[in-house]
Protein chains: 2
Amino acid sequence: MTPQFPLETRYWYLRDHQLFRHLNSAELRQICLITNFKSAKKSEIIYFAHDETNRVYLLKKGVIKIVELDAEGNETVKEVIQKGDLFGQITLDATDMDEFAVALSDYVTVCSFKIEDFETVIQQNPSLAVKFTKLIGLRFRRLENRYSNLMFKDVRTRLLLFLEEWAEKEGTPTPEGITLKNYLTHQDLASLICSTRQTVTQLFSELKHSGLIDYNRSSIVIPDVKQLRKLTA
Amino acid sequence: MTPQFPLETRYWYLRDHQLFRHLNSAELRQICLITNFKSAKKSEIIYFAHDETNRVYLLKKGVIKIVELDAEGNETVKEVIQKGDLFGQITLDATDMDEFAVALSDYVTVCSFKIEDFETVIQQNPSLAVKFTKLIGLRFRRLENRYSNLMFKDVRTRLLLFLEEWAEKEGTPTPEGITLKNYLTHQDLASLICSTRQTVTQLFSELKHSGLIDYNRSSIVIPDVKQLRKLTA
DNA sequence: GTCGGAATGTCGGCTTGCTGACGTTTCTGG
DNA sequence: CCAGAAACGTCAGCAAGCCGACATTCCGAC
């Protein structure tokens, strides 16, 4: 199966997640049996939706991006997935999507389940069912929020909101301000906030010149997040 | 409770929905007890999210629109809800939203559940849990689709796609072509496809002059849906 | 190191579709 | 049936931000 992950580790991996935390060890062991584990290094592709279809994934460690291919073969970054988030066929339907996932952090680990297996497990653990449903609900709200930003806010505001959220999630405080490890290119950012590479670059230099942020290729520093917040209210 | 709905009717109402169809009569009767029934006439407001919060609704009969209020008090139509669809706190969380629902068809009927009650029911009926999760998943995909349209398609295409979908869902074939009972104003349409009233009106007259559609205030006729499809590919 | 490709920086032109403005038509409640 | 409101029709002006183009900087593989 997955020899680099001894049973003990795998058991512990699942237990650590909020979805499974409340289960007893017999239930957990059962889920362990249907779980596939996998890891990858930076820039490696974790999965291709097209061939490894019909699986729900759970990001155990690291950060990844989901890239979507349209009919013309253009790649757009759909989403950044953080530790603990679900991805793949999270709607439990079998519609195939043209997307793949790329590791952004040095080392990532994912677990996955066939959707049929996962459904069976849910049937047997109603409390897990509720937890899962609520997780999907959260994702739904997140998407609703993005949609509404796209409707009502201009590109500048969307970028600022993205930075704020990013800072909140992953920022580490330093003497210079909140620091972000930057694993996204301007192109990536552009497709996440629905804009273009040039516009993002433009806005970034503007923000730098006005002193709101500082950045280079590998990191972004926000001296005062409150200043940003003022511009998005 | 709701005297205009005898128990027998209410029982049958629930049974008719795909979520509950597979349940036995004891289970159904139990759900009946926690269900609230309500009906309304055209233009009446079904619910205000702000005061009747924490409920999941299910549209039993008719068509309604969900209108969202932003901070400045502007109204935007978020969604059109059809018979059988869920609305309200479908994510089962308690975040309050500023939205309300208005009846678009002459007569609408809804059932609703407190989210806590609904959760309990789900816990007791794992198969219902899976069905519910999949329904939310479907809604998730629908929203994803709207988001991607907003990213990649211009207003004209979004309008055409909307019309196609509408025709597919509710169109009735007539000698002149597929006919739609039009319960949406141009303003409504505009906010649904994320545009403005004037642009929608403009596009409508263009489409009329080019013979792709015909319309008046109460109905829309699409002589040849295939013609529309050609323009959205 | 160095070479090639990827990422960033910058700019001007141009298009979409938004904004405001105003007139006409249709609906609705009294 | 009538008045007022709501919805529809149309147009000119304008701005956000996309697009193409090109230069520069950086990074990683060899």
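Within every chain, numbering begins at 1; the chains are lettered A, B, ... in the order of the sequence lines, protein sequences first and strands thereafter. What you see is a predicted model, and the numbers here were worked out from it, not measured in a lab.
- Atoms CD (A:Q198) and P (C:dG9) sit 12 Å apart, rounded to a whole Å.
- A cation-pi geometry, defined here as NZ or CZ lying under 6.0 Å from the six-membered ring centre and within 45° of its normal, holds between A:K208 and A:Y215.
- In this structure, the CD atom of A:E206 is 15 Å from the C1' atom of C:dT8, given to the nearest Å.
- For B:N216 and C:dT24, the CG to C1' distance is 16 Å, given to the nearest whole Å.
- Note: CZ (B:R217) to P (C:dC27) measures 6 Å, nearest angstrom.
- Rounded to an integer number of Å, the gap from NZ of B:K208 to P of C:dT25 is 13 Å.
- Side-chain N/O atoms of B:T196 include none lying less than 4.0 angstrom from OP1 or OP2 on C:dT19.
- Regarding A:D214, its CG atom lies at a distance of 15 Å from the P atom of C:dT8, rounded to whole Å.
- Under the 3.5 Å distance criterion, with hydrogens and angles disregarded, no donor-acceptor pair is assigned to the side chains of B:W12 and B:E8.
- The backbone N or O of B:K60 sits nowhere less than 3.5 Å from a side-chain atom of B:H17 that would complete a donor-acceptor pair.
- Using a 4.0 Å cutoff to heavy atoms of chain B, the contacted part of DNA chain D runs 5' to 3' from D:dA7 to D:dT10.
- Mapping A:D154 and A:S218 onto DNA chain D by nearest heavy atom places A:D154 at the nucleotide closer to the 5' end.
- Screening A:K38, A:E99, A:R55 for a side-chain hydrogen bond (donor to acceptor under 3.5 Å, both in side chains) with A:Y47, the sole residue that qualifies is A:E99.
- Atom CZ in A:F204 sits about 9 Å away from atom P in C:dG9, given to the nearest Å.
- Within the 4.0 angstrom heavy-atom criterion, base atoms lie near B:T201.
- Not a single donor-acceptor pair, N or O on each side, falls under 3.5 Å between the base of C:dG17 and the side chain of B:R156.
- In this entry the distance linking CD of B:Q202 with P of C:dC18 reads 12 Å, nearest Å.
- Ion pairing of A:R139 with A:E144 is absent here, as no side-chain N (NZ or NE/NH1/NH2) approaches a carboxylate O to less than 4.0 Å.
- Expressed to the nearest 0.5 Å, how far CD1 of B:I46 lies from CD of B:E52 amounts to 10.0 Å.
- A:R158 contributes a side-chain N or O that, together with a main-chain N or O of A:I193, makes up a donor-acceptor pair within less than 3.5 Å.
- In summary, B:D93 and A:K134 do not engage in a salt bridge, as defined by a charged side-chain N under 4.0 Å from a carboxylate O.
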Self-check item: Residue pair B:T157, B:D154: steps toward the side-chain hydrogen bond (donor to acceptor under 3.5 Å, both in side chains) verdict
Solution: CA-CA 5 Å; B:T157 309; B:D154 61 13; 2.6 Å; yes
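- Taken residue by residue, residues 184-193 of chain A places heavy atoms nearer than 4.0 Å to DNA chain C at A:T185, A:H186.
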